[in-house]
Amino acid sequence: MSDDQNYWKMIDRSKKQFDENTNIDSNKILKKSRHKALTTNILISLAVLLMIVPTLTLLTYFYYGSGGHDGRANTQIKVASDVIEVTEPNMFVKRMELEETIDFFSMDLNFDVYKRIGKEEYRVGEYDIDYMLDQPAFPNRTFFLDRPHPEIPPRDEPSYFIHPALHVPYEFKKEWEIVQNVPDGTVVEAYISFSNPIRPDDIRDINPGRDPDIDFLWLAVDTGVEKKVLDSEGLPVTPIGYPIYKDPPTWTPFDNRQDNSEVFKEILNHLENHEEQATKIARAKTLALDERIDYIQENGVNIYGAVVTGPASEIRKLQDNEYVRSLKVGEVKLWNWR
Amino acid sequence: MEIDDIYKNYMYDLYRYLFSLSKNHHTAEDLVQETFYRTYLSLPEQNITNIKAWLFKVAYHTFIDDTRKNKKQIPNEEIERLKDKESSAWTPEDQVLQNEEYQQLIEMVHQLRPKHQHAVILCDLHELTYEEGAQIMELNINSFKSNLYRGRQALMSKLNERRNQDE
Amino acid sequence: MELAMKIKSKVAGIPGLVSIISALLGLAYFNVEYLTKMNTSISPYVFFIMASVFSGIVGLFSKKSRLYAIWGLGIGIFLVVHLILMIFFSININYKP
């Protein structure tokens, strides 16, 4: 017998013997393995499924927490509150009270808006803005105002501030009548328009020595588009301006540390970077920021109107003021002028 | 279940193969189970044409992973395990119970160089083709063949030696 | 000898299993909490995370069910990082002192 045959015979024999002596339960092994594999599959699939929500939340928070130097969410909060401060005369947001709710790639901003009427602040409305990523939907506004501004600004027609280059509409005559008939013992918020644009520092000339005894709350800035009340594309614009606070609400950029007209310019520049979002939140269809920024750069900040507040008797005096060309009454509240 | 029947057919081959690699019955049984566990886990993703070669491949990787894991364990334990293996492999009861001849054959195979060992185990002891063997060992077919022939020659001469001694 | 080994291998699988199960419980807790916006206590959540991480580390060194230990530990670490980042971001977004 050759080595070769021997070799194979030996292997064959020993293998057979080995297998005969091997005692394994193949059914049990397969069942156990299959069972274990099934368990593993279930556990891992479960883990993957349950990871979906945490992963999405993390991505969402990462999205809103990053981008820009302050994070996307904070940027949008700033845009929303700033745009209200500069486009809604005498209206401001208390940023400390603003609440945000973040869900999967969406954010919901909720905040109240306030007006100062007389010496006191009144809550005059609520805003609810839903964001998808960093794009806001049109805000849901609720105002508790006696004389709200039109939700959609009228075309070709200034609604409360009248630029010196425009005629004062006939209805504005009635406003003086209202002022005359508002009882004493009330405080009035009034939108006054000037005969000529003046420098911000010159507004004190309107009530020298606090006569009449009124406070300036918000200044409407001449940005070139107010003459026509339309921007270069023919869309209606609303007034733009900035507030003056005696006691600034927390975290407003107009905190009196810097000249408010400078802050105003900075804000316009910042808003221009987010003009699409800012326009959605503003009532106007267009903010025409590019046009307005250019105009201000060329002509400086000139004021053509202001929101003032004071006792009814003091507001009445404005009718004979040489600076004041027209007036529109806003809100009226009970006496708080201390 | 059709696939299970196929698995059952190869169960003994796999067991023998893993025993040939590990020289330990307990390990071999564990690894057979682990092998099937892995095949069940990965089966849906793969389209297997050659089930036997694939099973052997999985079994080989299971064995490799197992030895690697054991190496990481504390050396003392490892030494003890080795002692266990040796003693369990050579206790008298085991010799009666288990197969003496195959065990001796495997001992002899394990005296070969590692690559020769594996080639012989795959081709001569478990009848895989050269291609399948080469694939499992991740060698090209020519070097696999040369490993196999050299291993086979060495093994034959060892067998002859022993037979001469016995006679 | 064989019996001892068998028992040992059975016990060796436990940390991995504990790890993945507590990781899954942690994940489930977060899911329920987040989706229902209940805002209940955070302590069970932290407990699940700790359990999955620690038993995951133990399981990593045992021979059996390493896979579960890896998953459990992986999810555990993910949840820790997740928790830290979420706290960090929620403080920073609309920061209020």
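What you see is a predicted model; the values in this text were computed from it and never measured. Lettering of chains follows the sequences in order, A, B, ..., and the numbering in each one begins at 1.
At a heavy-atom cut-off of under 4.5 Å, chain A is reached by C:Y68, C:W71, C:I75 from residues 68-76 of chain C, listed in order of number.
Proximity to chain C (any heavy atom under 4.5 Å) is restricted, for A:R95, to the backbone atoms N, CA, C and O. Neither the backbone nor the side chain of A:L109 comes within less than 4.5 Å of any heavy atom in chain C. Using a 4.5 Å cut-off between heavy atoms, A:I77 contacts chain C through its side chain alone, with no backbone atom that close. Looking at A:T55, the atoms closer than 4.5 Å to chain C (heavy atoms on both sides) sit in the backbone and in the side chain alike. Residue A:Y63 does not touch chain C at all, counting heavy-atom pairs closer than 4.5 Å. Neither the backbone nor the side chain of A:M107 has a heavy atom closer than 4.5 Å to any heavy atom of chain C. Within the 4.5 angstrom heavy-atom criterion, atoms from both the backbone and the side chain of C:L24 approach chain A. Only the backbone of C:N92 has a heavy atom closer than 4.5 Å to any heavy atom of chain A. When heavy atoms are compared at a cutoff of 4.5 Å, A:Q76 does not approach chain C at all.
Here A:D128 pairs with A:D108, A:N110, A:D130, A:N140 under the side chain to side chain contact (heavy atoms under 4.5 Å, CB included) rule; sequence neighbours left out. In terms of the salt bridge (charged side-chain N to carboxylate O under 4.0 Å, His left out) criterion, residue partners of A:K36 (sequence neighbours excluded) are, by chain and number, B:E34.
Under the 6.0 Å distance and 45° angle rule, A:K280 counts as a cation-pi partner of A:F138.
Put simply, of A:T40, A:L46, A:D70, A:L49, the one with the most heavy-atom pairs under 4.5 Å next to chain C is A:T40.
Taking a cutoff of 4.0 Å between a charged side-chain nitrogen and a carboxylate oxygen, A:E88 and A:K115 do not qualify as a salt bridge.
Heavy-atom minimum distance, A:F92 versus A:Y245: CB-OH, 3.1 Å.
Outside the 6.0 Å centre-distance limit, the rings of C:F89 and A:Y61 are not counted as a close aromatic pair.
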Does the salt bridge (Lys or Arg N to Asp or Glu O under 4.0 Å) test come out yes or no for A:D103 and C:K37, once each step is laid out? CA-CA 11 Å; A:D103 218 322; C:K37 316 232 183 288; 3.6 Å; yes

Quick one: do A:D247 and A:K119 satisfy salt bridge (Lys or Arg N to Asp or Glu O under 4.0 Å)? Show the steps, please. CA-CA 11 Å; A:D247 181 16; A:K119 294 284 187 195; over 6 Å; no

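Taking the six-membered ring for Trp and thresholds of 30 and 60 degrees, C:F30 and C:H82 have ring planes more than 60 degrees apart, a perpendicular arrangement.
For the side chain to side chain donor-acceptor pair (under 3.5 Å) condition, no pair includes a residue of residues 44-55 of chain C, sequence neighbours left out.
Open room surrounds NZ on A:K31; 12 or fewer heavy atoms of other groups in view lie less than 6.0 Å from it.
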